[in-house]
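For the numbers below, each heavy atom of this structure counts, side chains included, while hydrogens, waters and symmetry mates do not.
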Amino acid sequence: MSSKLVISDVNKKGEFVRKAAVFRNWITADGSSGFKAERDRYHLYVSLACPWACRALVVRKLKGLEDVFPYTVVDWLLGDNGWNFTDKKPKCSPDPLFDAQYLREIYIKADPDYQGRITVPVLWDKKNNTIVSNESAEIIQMLNSEFNDFCATVEQRELDLYPEHLKAQVDEINQWIYSDINNGVYMSGFARSQEAYDRAVTQLFTSLDRVEDILSKNRYLTGDQLTLADVRLFTTLIRFDPVYVGHFKCNKKRIVDYPNLWGYTRDVYNIPGVAETVDKEHIEKHYQASHVAINPYRIVAIGPDLDYSQPHNRDKLSKA
């Protein structure tokens, strides 16, 4: 989001208020929703900087859906006109469907009267020429359950990141991790009053301490099994020390200062395919060059140096 958009999303108390996603359709394996799971019918628009968009890329990798879901990466620089397409920066490319210049044009194709925020990820239906969803939490559920006929391997088909017996626990964890951590870093960074910042950043670290305690006993948030809750937390943690500590003033502690959170971050990062969804350049340059209200000279910090290849030994917490 640009600095102008940030300011418009701040209430009278100086608190950042994230608006809900608008497009909330659902893809189903049998097509009963009107959106049937099919190979190469859908297209993802993402930013490699955005934790919400990268949730979708992580699940796409874990489920072996690379040949089913092509995707386009937007420019890391978010300007006053929103996300734009370019072929001038690494891993970015022009819009392959409509040759659009800005992501806003994709939203307008879906709804000519659309006046809302332009966000990523966007899940586009090439058959019906519309946006299926721009809600990352629901997109990753669809990728997890509705495309099993297209997974690359049997193991990926059988992988369930949102199993029935853990759904209630995953939902409960997601609720407070979203409000306090995923969104908490933004509420801290985009606060426009000391009181708003103090509330958000205090709750952020209270909840990080809570996660640290959970991970002292369990390999993953719900136990031995990786779930969508872990995917949602990971994409925030991987950005925390490089960006949120300095840029968003979340500097009470770093993730590397939490033994269990730091080991957990490395553990998830080293799951095959996950590291490919993490792009340090996009992450650091997007936040620090886009948010001119926070960083008016757009100077991108040099560090930190982080080694995600260090042994994490988290597998010792798994119960036989």
- [ ] State yes or no: are the ring centers of F35 and Y42 separated by less than 6.0 Å?
- [x] no
Work out which heavy atom in [X] is nearest to a heavy atom in [Y]; give both atom names and the distance.
X    : Y    : value
L317 : L215 : CD1-O, 3.6 Å
V46  : L57  : CG2-CD1, 4.0 Å
P94  : T72  : O-CG2, 3.9 Å
N148 : R157 : O-NE, 3.1 Å
H282 : A49  : O-CB, 3.4 Å
L228 : V59  : CD2-CG2, 3.9 Å

No-hydrogen, no-angle side-chain donor-acceptor test under 3.5 Å, [X] and [Y]:
X    : Y    : value
D75  : T86  : no
D171 : Q175 : no
Q156 : T153 : yes
N144 : D160 : yes
N128 : T130 : no
N295 : Y287 : no
T277 : Y269 : no

Task: Cluster check V300, I294: I/L/V/M/F/W/Y, side chain < 4.5 angstrom - done: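 Different clusters.
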Pairwise distance [atom1]([X]) to [atom2]([Y]) - rounded to 0.5 angstrom:
X    : Y    : atom1 : atom2 : result
C92  : D87  : SG    : CG    : 9.0 Å
L261 : L233 : CG    : CG    : 7.0 Å
H286 : L77  : NE2   : CG    : 9.0 Å
D213 : N260 : CG    : CG    : 8.5 Å
L65  : F147 : CG    : CZ    : 7.5 Å
F234 : T265 : CZ    : OG1   : 7.0 Å

Less than 4.5 Å apart, any side-chain heavy atom of [X] and any of [Y]?
X    : Y    : answer
E281 : P90  : yes
L44  : V122 : no
T235 : V278 : no
L237 : L208 : yes
Y162 : V170 : yes
R266 : P311 : no
Y71  : R60  : yes
D40  : K126 : yes

Open item on the list: Could you check whether any side-chain N or O of R104 sits under 3.5 Å from a backbone N or O of N84, counting only pairs where one atom can act as donor and the other as acceptor?
Closed with: no
Task: Whether N134 side chain and T119 backbone form a donor-acceptor pair below 3.5 Å - done: no
- [ ] Verify side-chain contact (heavy atoms from CB on, under 4.5 Å) between H165 and Q225, making sure each step is shown before the conclusion.
- [x] CA-CA 11 Å; H165 71 285; Q225 183 171 350; 4.0 Å; yes
TODO: Could you check R298 against Q288 for side-chain contact (heavy atoms from CB on, under 4.5 Å), going step by step and ending with a plain yes or no?
DONE: CA-CA 6 Å; R298 292 179 167 171; Q288 296 175 79; over 6 Å; no
Task: Pair K91-D279, salt bridge (Lys or Arg N to Asp or Glu O under 4.0 Å): steps then yes or no - done: CA-CA 9 Å; K91 300 183 182 178; D279 191 288; 2.8 Å; yes
Task: ring-ring contact (aromatic ring centres under 6.0 Å, His included) partner of F85, chosen from Y45, W76, Y102 - done: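 Among Y45, W76, Y102, the one meeting ring-ring contact (aromatic ring centres under 6.0 Å, His included) with F85 is Y45.
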Any ion pair linking [Y] and [X] (charged N to carboxylate O, less than 4.0 Å)?
X    : Y    : value
D180 : R210 : no
R219 : D315 : no
K61  : E276 : yes
D125 : R41  : yes
R39  : D67  : no

TODO: Could you check V201 against K252 for side-chain contact (heavy atoms from CB on, under 4.5 Å), going step by step and ending with a plain yes or no?
DONE: CA-CA 9 Å; V201 80; K252 182 180 180 183; 5.9 Å; no
- [ ] May I ask you to decide if the ring planes of F190 and H291 are parallel, tilted or perpendicular, using 30° and 60° as cut-offs?
- [x] perpendicular
- [ ] Hey, can you tell me if F240 and Y244 have their rings parallel, tilted or perpendicular (30° and 60° cut-offs)?
- [x]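 Plane angle over 60°, so perpendicular.
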TODO: Quick one: do Y107 and F23 satisfy ring pair (Phe, Tyr, Trp, His ring centres under 6.0 Å)? Show the steps, please.
DONE: CA-CA 10 Å; Y107 274 76; F23 295 91; 5.8 Å; yes
Task: K109: side chain to side chain contact (heavy atoms under 4.5 Å, CB included) partners, not counting sequence neighbours - done: F98, W124
- [ ] Check whether NZ of the Lys or CZ of the Arg R24 lies under 6.0 Å from the centre of the six-membered ring of W26 and within 45 degrees of that ring's axis.
- [x] no
- [ ] Starting from the C-alpha separation in whole Å, work towards a yes-or-no answer on ring pair (Phe, Tyr, Trp, His ring centres under 6.0 Å) for Y258 and Y264.
- [x] CA-CA 10 Å; Y258 291 95; Y264 167 86; over 10 Å; no
Open item on the list: Evaluate K127 against E38 for side-chain contact (heavy atoms from CB on, under 4.5 Å), listing each step before the verdict.
Closed with: CA-CA 10 Å; K127 182 176 180 178; E38 298 178 68; 4.2 Å; yes
